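Remember, it's a predicted structure, so these values are computed and weren't measured experimentally. Counting convention: from 1, in listed order, for ligands and their atoms alike.
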Amino acid sequence: MLHLPSPDAAQTWCQQQRSNGRTIGFVPTMGSLHRGHLSLIKRACSENEICCVSIFVNPLQFEDSKDYNAYPRNLDSDLTTLEQQGCTMVFVGSLGQFFPEIVDLQEIKTLGAGRYGRGLEGTFRPGHLDGVQTIVDRLFRTVGPSHVYFGEKDFQQTLVVSDLAAEIGYPQVVVCPTIRDDSGLALSSRNALLSPHQKKQAQGIYQALLAAHQAWALGERQPEILASTMMEVMKDTDLGVDYAEVRDPSAWTETMPKAPLQQAQALIAAHIGQVRLIDTLRLDSRPLEELIAVT
Ligand code: PAF
């Protein structure tokens, strides 16, 4: 596996690969890799001639410097993992290397996340999705991938980056299923910051999503009622809920729709101690038994 020290070096290498006619599958990450990332990398490796991964904890997408500083970093073990997974090239970089044209890095102007940036994460983490959009734009231009792989867990992020990809004309965005541990907790690098007790409390998030799924299966279509079903499950836990809402995934709305839904994506963000977790579940597709079998 090739380990390149800068976006510049990565861009030159990727250009060479593309001119040799090779397709590049790309997985952008902030490191601290877990099985969720590995599922994306496996897919990128199997569907493309080249599998490229970036590791960069992007300060532009953290509104709070404490959260940025606390974000887990494990570069050495990440590199070993990537090598074992058959990744072709990994690159890292600093903010200055990603934005060489900007002298004072405080002056970086973020791109707007667009219509999908409104509501939910856009409300509770103002600027976060703009920061994601800004770095993902740079990453796409650095790598020039044919396919890029994101996890469904960050559902609103997948909408924002798909919109960006449609605007610049590449790459094809592949959204992969959320990977969960045995308790149903969605894998996230932030889980490493949870105590065993907090991990147990955090299971309430998936339980709430499953309750919404069950209500949907029984015929409930009112977003408000599906949302209060989720809140009910989480009310006796230590979770501080930012939001528990349901949206039509094909027609993003800034606030929760009022009319009954035909398609539905349930989305939750909640704090446990200092750690903020997000999770999501499509309500109108897979039967509940199948979901439970996954966990
Ligand atoms: O999902 C993430 O890990 C990050 O938001 C991403 C896409 C790597 C951009 O920094």
For ligand 1, which atoms sit closer than 4.0 Å to a heavy atom of I135?
9 (C), 10 (O)

Are F98 and F56 an aromatic pair, judged by ring center distance below 6.0 Å?
yes

Looking only at heavy atoms, is any part of L139 under 4.0 Å from ligand 1, and if so is it the side chain, the backbone, or both, or is it neither?
neither

Among pairs that include at least one residue of residues 105-123, which meet salt bridge (Lys or Arg N to Asp or Glu O under 4.0 Å), considering only residues two or more places apart or in two chains?
R115-D163, E121-R276

Nearest heavy atom to atom 9 (C) of ligand 1, choosing from M30, Q61, K153, belongs to Q61

Atom 5 (O) of ligand 1 [closest protein heavy-atom partner, distance rounded to 0.1 Å]:
Q157 OE1, 2.7 Å

R180 and D279 ion-paired at < 4.0 Å:
yes

Can R73 be said to sit on top of Y68's aromatic six-ring, NZ or CZ under 6.0 Å from centre and within 45° of the ring axis?
yes

Give the atoms of ligand 1, by number and element, whose distance to some non-hydrogen atom of F150 is under 4.0 Å.
7 (C)

Listed once per pair and sorted, the salt bridge (Lys or Arg N to Asp or Glu O under 4.0 Å) pairs that draw on residues 137-149, sequence neighbours left out:
E101-R138, D137-R141

